[in-house]
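First comes the structure, then the notes that go with it.
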Amino acid sequence: MARKANASTPDSASRTLVLGIDSSGLIVQSGQNAAGVVGVEPGALLGTALGDLLEEGADQIDGVLEAIAQGHERTAVWKISGPGDAVVTVQPMVGSGLAALVHIRIALSSAERFQDPARVRRALFDDPLTRFGSNLDLDQCARALADVVVPHYCNVAAIVVLESLVAADETPGGASGSAVLRRLALATDNHDMDWSATFPTGEVLVYPPNTPYRECLDTAEPIHLRHMDAGAAQQIADAWRRDPVKDLLDDVSMVILPLISQGVLLGLMACTRTAGYRRFDAYDVEIGMEFASRAAIVIDNARRFSRERATALTLQRSLLPNRLTHPTSVEVRHRYLPGSKLVEVGGDWYESIALPGGRVALIVGDVAGHGVKAAVTMGRLRTALHTLANLDYPPADALHILHELMMELGEQEPHFATCVYGIYDATTGTLEIASAGHLPPLLLRADGTTEYLELPAAPPLGIGGGDPIESREFQVEDGSMFVIYTDGLVESRGRDIDDGLARLAGIFDSSALDRPMEDLAKECLAGVYDDHHRDDIALLIARLRRLPDDTRESWTLPNDPAAVRRARGLVRTQLDLWGLEDLSYTTELLVSELVTNALRYSPGTLELRLLLERGLVIEVMDRSAALPRLRRAADDDEGGRGLLVVSEYARRWGARRTALGKAVWCELPIPGVDPDDTLVSEEWPGQAHHTDSYPLPRFDEA
């Protein structure tokens, strides 16, 4: 197939000549404007060698011809006889009778710049507006706009918009002169650093009174300053309190154009022609206003997208956990990717919640559907499940309650979701898991064997009928890895789910036991960024280890009032061994209250346990299933004050049912230890995965 040559783009800052050459470098075609560009009539150019046009550097022609023969394009700066330096682009041609097209661009002199209004207008409106108009990023859009205005319309241009646009706030009905603005872009044709230093990009500003900028904002009309003398420049410099302004604006011509879209003033565009160039006239102002009107629509589109994207990301950030908590012996990594680049919200979620007694709840769920509706339902389920986890409901019971909630929500609008919920006990090494229609968890055992865990079948949450949700308990060796995920990770339009499951199991083979978890998380998502039709993805990886033996101690106590005194002595001795003598008084007090309460309401023996984690956890387990509740005793009551004392002295306390009865626990902070030192490293979970591999969309990619 023949390769098409790109048409030369209009350029008001240069003259362009297009020549056609053969394989030997002879000119066989010439544009009719040859005399105006290189000073030679078109007929006289035909048959001459391309090298004859060069004042120096003719030896470069052989290399160019060799590149043409290989189909390569070349661009260089050549010194042309007469006009001087020129930017020359040589494009090879196939099947057209020509070897290549040669584009010669020569910069206009200052006397010729901006002389032809038709050329200026064509350069502004033909191609550049389309190119920068396809971008949805406000900053990039403003920079592209400034690069179009300079050099086609003026020498210096600044794009200033309302600060509320950049901050993605609601746009006010209109901007007054006192509005807070931000300079998004500044462009100059000679890259003079004085301009960028005096008018820095990114500056947040309020224009001072008695300046043309302020007048433009107040009237929403273009301001035409055909010639600004030293006095006018000095007046603006004094109002702005920026002394360099007087030198930069002395002897310039300026047009300040309002950016108005749908009747709302978004900002302004300040265009300056420096000394030596044709000054702005009324026709230039008309051209500039037409361009500013179109540019304002593009900026408004970018502003709307930025606001919608910020809203969606704020929603997703508020719905996903901002920290993952777990015992110190457990290591957790996660990944989250929405299925849509435009919406960037979805119904998948993950959770890692540290529970009292050295336990952790590991959860992954998937609400059917995409977008904001699925995300809102996900937020409801996640909040409910987080509450149930903190109430110490077993996995099966928690999912059953969640199922009832989904059935209730489904009466208003049909919804369903899948979820897998596991609780790992780092003191016993047991893992209890329940699943509601979710894909099976993957367990890589410490001996290197990998298996997908078989769980009792149950329908998704919100789907009536089917088997009840039941849990299953597994014994897990130290160092094992537990992987839960949503179907977007293992299934796509181009890959069967069985192949995806096999790939995931291949990643977590025996070698994964010694690999960093961050590398494993990255490998799990390798290649998914290229799939534009994928589902949402949530992934949670946990390396499970028991807490060290020297961080926990337990004792069995008889159902005897003397057990209270013995418990205090055991606790005092253990705290001395841990070097926590300062906590002895408070700990003995709380142990006395908890043991006394258990002796009063429970038959049989008791178990007292101390656990040293990020805090000091005290647990008393008895044979009664009745959970205690906090109440305020009356003045004449003989009891009922024990839990009140516990709640006052402990950082937190609670109770949960066990297989034999219940466990009442409380936690004391350890001096010098942050009990919540489990924050994830990112600003919000998943942020890096948006910014690293999620370029902002363009209209032509939608």
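Atom set for the values below is all heavy atoms of this structure, side chains included, hydrogens, waters and symmetry mates excluded. Start at 1 with the first residue, then count along the sequence.
In this structure, A296 and L266 approach most closely via the heavy-atom pair O-CD1, 3.6 Å. Nearest heavy atom pair, residue L45 against residue T48, reads O-OG1, 2.6 Å. The two residues A275 and D251 have their closest heavy-atom pair at CB-OD2, 3.3 Å. The nearest pair of heavy atoms linking G31 to P42 is O-CG, 3.7 Å. Heavy-atom minimum distance, L19 versus L50: CD1-CD1, 4.3 Å.
The pair R143-D147 does not meet the salt-bridge criterion, since no charged nitrogen lies less than 4.0 angstrom from a carboxylate oxygen. The pair D284-R279 fails the salt-bridge criterion, with no side-chain N (NZ, NE, NH1 or NH2) lying under 4.0 Å from an Asp/Glu carboxylate O.
D189 places no side-chain N or O within donor-acceptor distance of the main-chain N or O of V150, the cut-off being under 3.5 Å. Checked by atom type and distance alone, the side chain of R226 never pairs as donor or acceptor with a backbone atom of S253 at under 3.5 Å. Formation of a donor-acceptor pair under 3.5 Å by the H334 side chain with backbone atoms of Y350 is not found in this model. Of the possible donor and acceptor atoms, one in the side chain of R273 sits under 3.5 Å from a partner among the backbone N and O of Y153. Under a 3.5 Å cut-off, the side chain of D348 and the backbone N or O of Y336 do not form any donor-acceptor pair. Side chain of D22 to backbone of A99: no donor-acceptor contact under 3.5 angstrom is found. Proximity of a side-chain donor or acceptor of D238 to a complementary backbone N or O of Q235 within less than 3.5 Å is not detected. With Y207 contributing its side chain and L217 its backbone, the two residues share no donor-acceptor pair below 3.5 Å.
Taken from CZ in R105 to CG in L17, the straight-line distance is 11.0 Å, to the nearest 0.5 Å.
Taking 4.5 Å as the limit, every side-chain heavy atom of V88 sits out of range of all side-chain heavy atoms of H103. Here the side chains of T211 and W240 are not in contact, with every heavy-atom distance at 4.5 Å or above.
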